[in-house]
Amino acid sequence: MSESRKPFPFSQFEPKWQSRWDAENTFRTPNPGEASFDATKPKYYVLDMFPYPSGAGLHVGHPEGYTATDIIGRYKRMRGFNVLHPMGYDSFGLPAEQYAIKTGQHPAITTAANIETFRRQLKSLGFAYDWEREIATTDPEYVRWTQWIFLEIYNSYFCEEANRARPISELEAKGWSREQIDAERLAFVADTPVWWSPDLGTVLANEEVEEWKSKGHTVERRPLRQWMLRITKYAQRLIDELDTLDWPEGIKLLQKNWIGRSEGAEVKFQILNYNFQIEVFTTRPDTLFGATYMVLAPEHPYVPLITTEENKSAVETYQKSISSKSDLDRGDLNKDKSGVFTGAYAVNPVNGEQIPIWIADYVMMGYGTGAIMAVPAHDDRDFEFATKFKLPIRGVIQPKEDWVNLAVKQYLDLSSSIDSVSTYAEEDEIKHRLEHGVWIYDKLAFVQAYTELGVSINSGFLDGLTTAEAKSKMIDWLVSNNQGKRKIQFKLRDWLFSRQRYWGEPFPIIWKDGQHYALPDDQLPLLAPPLDDYKPSGTPDPLLSKATEWVNLPDGFTRETNTMPQWAGSCWYYLRYCDNKNSDRFISKEAESYWTSEKPGMVDLYVGGTEHAVLHLLYARFWHKVLFDLGHVGTPEPFQKLVNQGLILGEDGQKMSKSRGNVVNPDDVVKEYGADSLRLYEMFMGPLEQVKPWQMKGVEGVSRFLARVWRLAITEEGEVSDKVVSEACTDKELSRVVHETIKKVGEDIEKLSFNTAISQMMICTNAFTQAGKVPVKEFIQFLTVLNPFAPHLSEEINEHVTKAFNLPTASLSESVWPMYDEQALVRTECELVVQVNGKLRDRIWMAMDASEDDAKALAFTSEKIKELTEGKELRKVIYVPGKIMNLVVS
RNA sequence: GGCGGUUUGGCGGAAUUGGUAGACGCGCUCGACUCAAAAUCGAGUUCCUUGUGAGUGUGGGUUCGAUUCCCACAGCCGCUACCA
């Protein structure tokens, strides 16, 4: 499109305003202590999830959330807030390193180039960021404080009594040994089975495995020495304190399920002919009388001990077949239950029964104790296993009658359909067996485990109790007989915190004689040395171990060669924005306390995609809580209000992807329609949180709207149109629409309902067009309201108009949000809807405040209404003034 | 399998202390301007068997009145997955 064909000259004025904002530092947010700081202004912290600066540049999903926060930020500024609205880059990560392997280029170089691109793209959209607060997680000064926070975590333990972290020095003061202390640290070293990828040359987090496997990389399970963070200590607080946050309920639930709290009991089973016990975790201690076998995870340490000679080879073969499968395969591909008998028996503590011990891959070593008591009558998985291997099934919960009847019916259907004579004789017998828990484990296709709660049967001292009562009574029995205890189990595991990559923060840790030591603060930041070759060595040694000069220190010390995962930087970046230039602390006390809310969460509004619902948002909460416990921050939570923007799909309604060829590049849209059009379109598509498809025609639509606003005031020659007049507005209807718009747009921004705000501004523009004359006062009010959405266009028009009318030429960015006039909103007349028996029959103009009798009288002047009610009895009249009148007749 | 979200014209969507369903935009139709087209402006646009008609995924319920509240079910999307 040539310049002359453009409906308004955005390609001239957009760069103009962007460079002016840059040069004048318009959106600089002063901190306490700065000259321009105004202590009377309230603070507002609105945050975007910062991007990973990939080589592909910004995609249209980024500006969705970024525009939303930009509108809020600009609006809050106009409302007199000191707004913190920063941007940065989550710049460590595997792709930069993969690129380095291919090209030999240092990741710092490609990362810097990518950041450059992102910054240019972000600036081209006119976001009102305080660019002086920009950070990148790879900046040495940033790395320094990431490492410092790690050491804070390393130097802390979790005090159970206080339910919070405390400095490790307290334990030193108590005279604890080095070994005892290391066992308590919130950052600790453990040998753990991890996912190791030989061709990537690193371990991967569980959640990363699938992604890299799908890209053709291989992964295998290996026990390796790893750094872990003790996030499990915070499991309960991470659940409880969600209630204090203004987050979408779905996200809260996702986190709760991820943490996965379940209440139950740990039960000890004596192993027959051995002098030790195996503990199992169960959420249903009330069904202990129904435990007819035990299952251990194939990796359970007791398996080799208890396996009998004759079962040994089968057990070992099975273990081998399992170790090559991933957890995912174990779940996904292996729907069929498998397992083998160890030859050993356990003793059910409650009835002395000897029950066989099996191993099976449906029991995971990583959850609970890696061993279960199987109650096939009341657990689907156990039931499936028991029927497959013909293990006994005993019902211990009285099933409901309709369940029994259904099962009997299914049995009858089944036996008639296969046309065989039932070996179980009568319907009555089946029914009797089901009711009394005397389950038959042969030909059970007609029945499933009874997993509902109920009343205990066949359970000795529990008989007749409800499930809740029975659970509690059984736990009491276990405790008093020293056979078990109450137990709360979490799914959440400790956080595997080390990677063998190059492009991440090195651990500020050194080793000597198998003992780790913290690097002193004055040696931070510890940066990774440049390497000649970034290729993985093929061994699980971290890449950094290749830099032998860097690794080997005097006096027999060596450096830790693992690096931190990408999450580390994103765990605290919102804190650094508050005080990003501080070289003495990660954030000054003054800055921290100024930007902290009275509410539990520090950041007032956090906008980003759902993909971070658990990991990033859980990790950041965890770090924040540790920092809170140690007195470094004043709130227990990082993010008070969270909003998830919905995914933007391609025009075909599918997820955007290169392979589908439906990717929209924001640069192209800016070039063709301008930044304001892109911003406005992304907000006009639909509700922020909703998934919605892209439509190029929609961009044209909002672009046309902006062009109409432009033409209201500016002629083709670029002069201020003579339609714009200085006289006060005499058009009551126009005045009403303008004030309605001021009101509604403000309310809608507060609700984050940007699409409806825009539609109201369209209505307002149409009203100006209809009116023919554009009163300058009302028009500037409208431009002010439009400014957060389309900052360039509104500023440009405002500049033209204020100059032409010799008005003060303050930029809209420095303006105050206009007040609307209640008087101007008042309507005196309305079109009342008249219904007969609930159906719309007529509309009649009348005074807004007409009395019911007057309104009724007016309604009956209508021919239609007369016709429809003639000769009928008027039973009831419902009258809602200004809205509706319903005449009920019969 | 579990959890969450969602379902309204040809399309994106609007409307909930229950009160005119389809705001606003796209698309389409017609008109004006033009030699013509584009752009722009104006009018119209839920559907049909044009009726005292039907209609917000389907079936029921509450109500003078239901997109909105209740019950049951279904489709689509996302996340998660043998968690004992």
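Numbers restart at 1 for each chain; the letters A, B, ... are given by sequence-line order, proteins then strands.
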Between B/C28 atom P and A/Lys697 atom NZ, what is the distance in whole Å? 7 Å
If you look at every strand shown and take non-hydrogen atoms under 4.0 Å, does A/Arg875 touch a base, only sugar-phosphate, or nothing? nothing
Identify whether any heavy atom of A/Ile878 sits under 4.0 Å from a base atom; if not, whether one sits that close to sugar-phosphate; answer base, sugar-phosphate or nothing. base
Identified pairing partner of B/G78, criterion: Watson-Crick or G-U wobble below 3.5 Å: B/C3
Tell me if a side-chain donor or acceptor on A/Thr610 pairs with a main-chain N or O of A/Ala613 at a distance below 3.5 Å. no
Counterpart base for B/C35, defined by Watson-Crick or G-U wobble contacts under 3.5 Å: none
Under 4.0 Å, heavy atoms only, any strand: does A/Gln835 hit a base, just the sugar-phosphate, or nothing? base
Name the nucleic acid region contacted by A/Thr610, choosing base, sugar-phosphate or nothing; use a 4.0 angstrom heavy-atom cut-off, strictly under. nothing
Under the 6.0 Å and 45° cation-pi test, does A/Lys337 pair with A/Tyr362? yes
What nucleic acid atoms does A/Asn257 come within less than 4.0 Å of, heavy atoms only: base, sugar-phosphate, or nothing? sugar-phosphate
So A/Lys883, base contact, sugar-phosphate only, or nothing? Heavy-atom distance under 4.0 Å. sugar-phosphate
5' precedence on RNA chain B between A/Arg841 and A/Gly701 (nearest-nucleotide basis): A/Gly701
A/Glu263 CD to B/A84 P, in whole Å, measures 12 Å
Any donor-acceptor pair, under 3.5 Å, between the side chain of A/Lys337 and the base of B/C82, if you only look at N and O atoms? yes
Using a 4.0 Å heavy-atom cut-off across all strands, classify A/Asp382 as base, sugar-phosphate, or nothing. nothing
Taking only side-chain N and O atoms of A/Ser262, does any of them lie within less than 4.0 angstrom of OP1 or OP2 on B/A84? yes
Please report the distance, rounded to the nearest Å, between CD in A/Gln695 and P in B/G27. 10 Å
Give me syn or anti for B/G53, where syn covers glycosidic angles within 90 degrees of 0. anti
Between atom CD in A/Gln770 and atom P in B/C24, what is the gap in whole Å? 11 Å
Can you tell me if the side-chain N/O atoms of A/Arg711 get under 4.0 Å from OP1 or OP2 in B/C41? yes
Any A/Lys692 side-chain nitrogen or oxygen under 4.0 Å from OP1 or OP2 of B/G5: no
Hey, which of these two, A/Leu840 or A/Asn766, hits RNA chain B nearer its 5' end, going by closest nucleotide? A/Leu840
Contact class for A/Val888 (heavy atom, under 4.0 Å): base, sugar-phosphate, or nothing? sugar-phosphate
Who is the Watson-Crick or G-U wobble partner of B/C73, with both distances under 3.5 Å? B/G57
In whole angstrom, give the distance that lies between atom NZ of A/Lys491 and atom C1' of B/C82. 11 Å
Please work out if A/Glu716 contacts a base, only the sugar-phosphate, or nothing of the nucleic acid, heavy-atom cut-off 4.0 Å. nothing
